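Reviewing the structure listed below.
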Amino acid sequence: MSEERSLNFIEEIIEKDLKEGKHKEIHTRFPPEPNGYLHIGHASSICLNFGLAEKYNGTCNLRFDDTNPTTEETEYVDSIKYDVEWLGFKWNEELYTSDYFETLYGYAVILINKGLAYVDDSTAEEMGVQRGDTTKPGTNSPYRDRTIEENLQLFEDMRVGKYKDGEKVLRAKIDMAHPNLLMRDPVIYRIRHAHHHRTGDKWCIYPMYDFAHGQSDSIEHITHSICTLEFIHHRPLYDWLIEQLEIFPSKQYEFARRNLSYTVMSKRKLLQLVNEKHVASWDDPRMPTISGMRRRGYTPESIRNFADTIGIAKRENMVDLSLLEFNVRDHLNKIAKRVMVVLDPVKVVITNYPEGQTEELEVENNPEDENGGTRKVPFSREVWIEREDFMEDPPKKFFRLGPDKMVRLKGAYIIKADSFEKDADGNITEIHCTYFPDSKSGHDTSGLKAKGVMHWVSIPHAKTAEVRLYDRLFTVEDPSNEDGDFKDYINPDSLNVVSNAYIEPALVDASLEERYQFLRLGYFCLDKDSSPEKLIFNRTVTLKDSWAKEQKKG
RNA sequence: GGUCCUGUAAUGUAAUGGUUCGCAUAGCAGAUUUUGAAUCUGCUUGUUCAGGUUCGAAUCCUGACGGGACUGCCA
């Protein structure tokens, strides 16, 4: 039944490798550095790596790339694990590059013994000069020709803490004239007298990314090590080290990271937004972090479908937000409970409805779900409707309430507006309507037809809640690529708080797990800061609004 | 200037030398609708350019042009 789906370039490589017997089974890994929260870009990588392992019956490890003790923290480890699980993936093993520190040290000794690494006393500045640049070849360090014995001794001295930070480094001995700057005797170990989140104070030398990542891949027998495009220059070094060390030949493949419009994705920038209080926290619902999207109401399914939709490739890209929004609407439409909430209320009095009378109307929870069931919604003489649903002098195509216009109150009766009252400022304060008793939803014998259907909340039964309306965090597609600071483009209206929305009574039992569609308004979820005393809802995404479009046309 | 990666519709992706370049989103029309949602139907927009190879090129080759990455003791 499954439709034929074309393979992305990595799947092609894998299928070829499997077919040719290069590997019996594939092993991938997701290798985050625990120095920040995961974002939607990481989600693509997670879906790719774990997804590939699932698809080809292989395994995927979760490996924390923790080789820099000064930036990494356990808090991040925990959040990363939570996010990966929340997305619905299970790792084969939970691993840490720091688990391999002893092995990596041994690898470095092997390199020294082969005459392929040396201890260098040059300062960072001196090394910068030695490196040359893209046009000029580099020059050899004066320490490049130390003997193996001397290097061995010096490296051990580094390990036992004889030197201060920055005093010495271990460098691979490759080629200072190599056209690839990364091959010009790259640093592979540096001294850092810092407390590591897992190894504590056991080490004062730490391997660099290039001497840790590929080796860790190899130790774990990762067959396909997938990373983003900017590491493509590292591949020759990745291969060189594995070859010299004569260890399992993991292979690196690169794909282009996914960029999303109207947001930023770099950890540095996201950290800045948090630190400078442009957002409340890492999980602020406006953040493109997985935790922020979770809090906003995105579902794991919608994020995975999104990752699937945008696929992977090697070219630069800017994925339009609408692709993400489509996926979240698509999923929420199937699962969200429909409820009625009025954000900007105006009072409607149904003058011919008996005073004091209340009806319990049976209303469908979700027309998209046969098993969604129904709930009771109380109806009475006075109801709140949305202020924008009434116009004193409506244009022709306005399918809502206006003088002498008829609309159906969703799940209830058809009403007609007779008159309205205004305050001194000209604001409408009250609308007087009559209802048609034989137009009751499900039992309509009136023969009337109302083009418009509106949501409403019975005034005497209404409860209140705070509703947070979120919009894109930035006003431009690519804030990082504009003139000036990216923060100059923060959308001042990214959050609008409605502190006193009227909600139908059934919503007081709202739960964190449930997703809701506030009829005609959008998809919402309960915020984690919500309490029975003060309910708080987050808007995940609006509904598509063709009326808004119509209006824009004028 | 060096090395490397990359150019298919507004956006993302497909085509693996062989119909008329497919799909999704977005946009536009219409149908339908007790959500101006959803659903359904139709439509619009594309191979960066120039040569070459070939019966045949988005695909292979050459060159140009465009976009991007690399000069941390970050990852």
Side-chain angles (χ1 to χ4, degrees), chain A residues 5-8 12 31-33 35 65-68 70-72 120 122-124 127-128 131-138 165-171 178-184 186-192 206 208-210 212-213 227 229-236 254 256 258 261 267 306 308-327 329-330 333-334 338 340 363-364 367-368 397-400 407-412 414 439 441-442 444 449-455 477 517-522 542-550:
Chain A
R5 261 190 88 244
S6 51
L7 305 176
N8 65 47
E12 279 177 13
E33 183 190 8
N35 70 345
D65 219 338
D66 55 352
T67 57
N68 184 358
T70 56
T71 57
E72 295 152 4
D120 195 333
S122 306
T123 64
M127 280 183 53
R131 189 157 30 235
D133 61 32
T134 52
T135 48
K136 291 187 272 303
D165 287 10
E167 220 175 309
K168 286 184 166 42
V169 292
L170 184 71
R171 288 227 253 173
H178 199 107
N180 182 341
L181 287 301
L182 283 157
M183 296 295 272
R184 321 242 261 227
V187 173
I188 57 177
Y189 260 94
R190 81 286 215 185
I191 300 169
R192 277 266 206 289
Y206 293 90
M208 297 286 290
Y209 167 85
D210 287 304
H213 200 101
C227 62
L229 236 37
E230 66 268 28
F231 290 100
I232 201 161
H233 306 279
H234 297 246
R235 193 168 61 201
E254 310 85 11
R258 319 312 289 179
S261 61
K267 280 184 191 171
F306 170 67
D308 219 48
T309 303
I310 63 179
I312 64 148
K314 298 184 81 158
R315 59 181 110 123
E316 296 292 314
N317 58 80
M318 178 58 73
V319 180
D320 200 285
L321 225 208
S322 66
L323 257 11
L324 212 211
E325 294 192 333
F326 167 79
N327 282 104
R329 287 190 183 108
D330 188 48
N333 177 46
K334 293 177 187 122
R338 271 60 171 175
M340 293 197 284
V363 179
E364 230 180 349
E368 304 290 324
K397 283 190 182 166
F398 189 74
F399 306 146
R400 306 179 185 185
V407 293
R408 172 173 294 281
L409 294 178
K410 173 74 181 179
I414 291 175
S439 66
S441 210
D444 188 349
K449 50 178 173 30
K451 177 76 179 161
V453 178
M454 296 175 9
H455 62 279
E477 268 201 9
Q517 184 194 102
F518 290 2
L519 232 56
R520 303 206 300 142
L521 296 175
T542 60
L543 254 27
K544 280 179 68 174
D545 190 349
S546 51
W547 167 241
K549 252 184 240 165
E550 186 70 32

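Protein chains get the first letters and strands the later ones, always in sequence-line order, with residue 1 at the start of each. Note that the structure is a prediction, hence the values are computed from the model and not measured. Side chains are part of it too, since the values below use all heavy atoms of this structure and drop only hydrogens, waters and symmetry mates.
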*Ion pair present between A/Lys334 and A/Asp330, side-chain N to carboxylate O less than 4.0 angstrom?*
yes
*Could you check which nucleotide pairs with B/C28 in any of the strands shown, counting Watson-Crick or G-U wobble with both distances under 3.5 Å?*
B/G42
*Report the nucleotide, chosen from B/U71, B/A75, B/G36, that has the shortest atom-to-atom distance to any side-chain atom of A/Glu33.*
B/A75
*Which pair of heavy atoms, one from A/Asp444 and one from A/Ile414, lies closest together, and at what distance?*
OD2-CD1, 4.2 Å
_Need one value for A/Phe398: base, sugar-phosphate or nothing, where a base atom within 4.0 Å counts as base even if backbone is also close, heavy atoms only._
base
*Using the P atom in both, what is the distance from B/U25 to B/U39, to the nearest Å?*
8 Å
*Determine the interatomic distance between C1' on B/A50 and the same-named atom on B/G66; round to the nearest Å.*
15 Å
*Would you name the heavy atoms of A/Lys314 and A/Glu254 that are closest together and state the gap between them?*
CE-O, 3.6 Å
*Between the base of B/A37 and the side chain of A/His455, is there any donor-acceptor pair under 3.5 Å?*
no
*Is there a donor and acceptor pair, one atom on the side chain of A/Glu368 and one on the base of B/U39, closer than 3.5 Å?*
no
*Just call it for A/Leu181: base, sugar-phosphate, or nothing, with non-hydrogen atoms closer than 4.0 Å on any strand.*
base
*For atom P, what is the distance between B/A24 and B/C60, given to the nearest Å?*
27 Å
*If anything within 90° of 0 is syn and all else is anti, what is B/G72?*
syn
*Can you tell which of B/C4, B/C5, B/A38 lies closest to the side chain of A/Lys544?*
B/A38
*Pick base, sugar-phosphate or nothing for A/Phe399, based on heavy-atom distances below 4.0 Å to the nucleic acid.*
base
*Is there a side-chain polar atom (N or O) of A/Arg258 under 4.0 Å from OP1 or OP2 of B/U13?*
yes
_Give me the distance, rounded to whole Å, that separates B/G30 from B/A69 when you measure between the C1' atoms they each carry._
48 Å
*Please measure how far the P atom in B/C21 lies from the corresponding atom in B/A9, and state the result in whole Å.*
14 Å
*Map A/Ser546 and A/Asp133 onto RNA chain B by nearest heavy atom, then report which one ends up closer to the 5' terminus.*
A/Ser546
_How many whole angstroms separate atom CG of A/Asn68 from atom P of B/G72?_
16 Å
*asked:* Quick check for you: among B/U34, B/G2, B/U35, whose closest atom lies nearest to any side-chain atom of A/Leu543?
replied: B/U35
_Nearest to the A/Ala124 side chain among B/C73, B/C28, B/C70, which nucleotide is it?_
B/C73
_Nearest-nucleotide 5' precedence on RNA chain B, A/Arg190 against A/Leu182_ = A/Leu182
_Under 4.0 Å, counting only non-hydrogen atoms across every strand here, what does A/Gly138 touch: a base, just sugar-phosphate, or nothing?_
nothing
_Test side-chain contact (heavy atoms from CB on, under 4.5 Å) on A/Glu325 and A/Asn327; report intermediate values, then the result._
CA-CA 5 Å; A/Glu325 294 192 333; A/Asn327 282 104; over 6 Å; no
*How far, in whole Å, is B/C4 from B/A64 if one measures between their P atoms?*
14 Å
*Tell me, do A/Val363 and A/Arg338 make a side-chain contact under 4.5 Å, heavy atoms counted?*
no
*N/O donor-acceptor pair, side chain A/Arg315 with base B/U13, under 3.5 angstrom*: no
*Please confirm whether any donor atom in the side chain of A/Arg131 sits under 3.5 Å from an acceptor in the base of B/U71, or the reverse.*
no
*Both distances under 3.5 Å, Watson-Crick or G-U wobble: report the partner of B/C21, or none.*
none
*Examine distances only and state if a side-chain atom of A/Asp133 and a backbone atom of A/Lys136 form a donor-acceptor pair shorter than 3.5 Å.*
yes
*Base-pairing assignment for B/U35 (Watson-Crick or G-U wobble, both under 3.5 Å)*: none
*Would A/Tyr209 count as stacked on B/A75 if the rule is ring centres under 5.5 Å and plane angle under 30°?*
no
*If you look at every strand shown and take non-hydrogen atoms under 4.0 Å, does A/Tyr206 touch a base, only sugar-phosphate, or nothing?*
nothing
*Using atom P of each nucleotide, how far apart are B/U32 and B/U45 to the nearest Å?*
28 Å
*What distance, rounded to whole Å, do you find between the two P atoms, one in B/U62 and one in B/C5?*
13 Å
*So, for A/Pro236 and A/His233, which heavy atoms are closest and what is the spacing to 0.1 Å?*
CD-O, 3.3 Å
*asked:* Under 4.0 Å, counting only non-hydrogen atoms across every strand here, what does A/Arg184 touch: a base, just sugar-phosphate, or nothing?
replied: nothing
*Any A/Thr67 side-chain N or O less than 4.0 Å from OP1/OP2 of B/A75*: yes
_What's the closest nucleotide to the side chain of A/Ser6 if the choices are B/G12, B/U34, B/A15?_
B/A15
*Round to the nearest Å and state the distance from A/Arg400 atom CZ to B/U34 atom P.*
17 Å
*In whole angstrom, give the distance that lies between atom CD of A/Glu72 and atom P of B/A75.*
7 Å
*Tell me, do A/His213 and A/Thr67 make a side-chain contact under 4.5 Å, heavy atoms counted?*
no
_Categorize A/Met318 for me: base, sugar-phosphate, or nothing, with a 4.0 angstrom heavy-atom threshold over every strand shown._
sugar-phosphate
*Among B/G12, B/A75, B/U6, which nucleotide sits nearest the side chain of A/Lys314?*
B/U6
_Looking at B/G2, which nucleotide sits across from it as a Watson-Crick or G-U wobble partner, both distances under 3.5 angstrom, or is there none?_
B/C70
*Round to the nearest Å and state the distance from A/Asn180 atom CG to B/C4 atom P.*
10 Å
*Sub-3.5 Å donor-acceptor pair from the side chain of A/Asp320 to the main-chain atoms of A/Ser261, do we have one?*
no
*asked:* Using whole Å, what does the distance between atom P of nucleotide B/U11 and atom CD of A/Glu316 come to?
replied: 14 Å
*To the nearest Å, how far apart are A/Leu323 CG and B/C23 C1'?*
12 Å
*What is the distance, rounded to the nearest whole Å, between atom CD of A/Glu254 and atom C1' of B/A75?*
15 Å
*Out of B/G36, B/U33, B/C5, which has the shortest distance to the side chain of A/Ile232?*
B/C5
*asked:* Between P on B/U11 and CG on A/Asp320, what's the gap in Å once rounded to a whole number?
replied: 9 Å
*From B/A38, B/U3, B/A75, nucleotide with atom closest to A/Asn333 side chain*: B/A38
*asked:* Counting only side-chain heavy atoms from C-beta out, which of B/G12, B/A75, B/A69 sits nearest to A/His233?
replied: B/A69
*Can you tell which of B/A14, B/C74, B/C5 lies closest to the side chain of A/Arg192?*
B/C74
*Distance-only donor-acceptor test, A/Thr135 side-chain atoms vs B/G1 base atoms, 3.5 Å*: yes
*At under 4.0 Å between heavy atoms, what does A/Lys451 touch on the DNA or RNA strands: base, sugar-phosphate, or nothing?*
base
*Got a donor-acceptor contact below 3.5 angstrom from the A/Arg184 side chain to the A/His178 backbone?*
yes
*Side chain of A/Arg520, base of B/U35: donor and acceptor closer than 3.5 Å?*
no
*For B/C60, what is the paired nucleotide under Watson-Crick or G-U wobble rules, both distances under 3.5 Å?*
B/G52
*Tell me the partner of B/A15, counting only Watson-Crick (N1-N3 plus N6-O4 or O6-N4) or G-U wobble (N1-O2 and O6-N3) with both under 3.5 Å; none if nothing fits.*
none
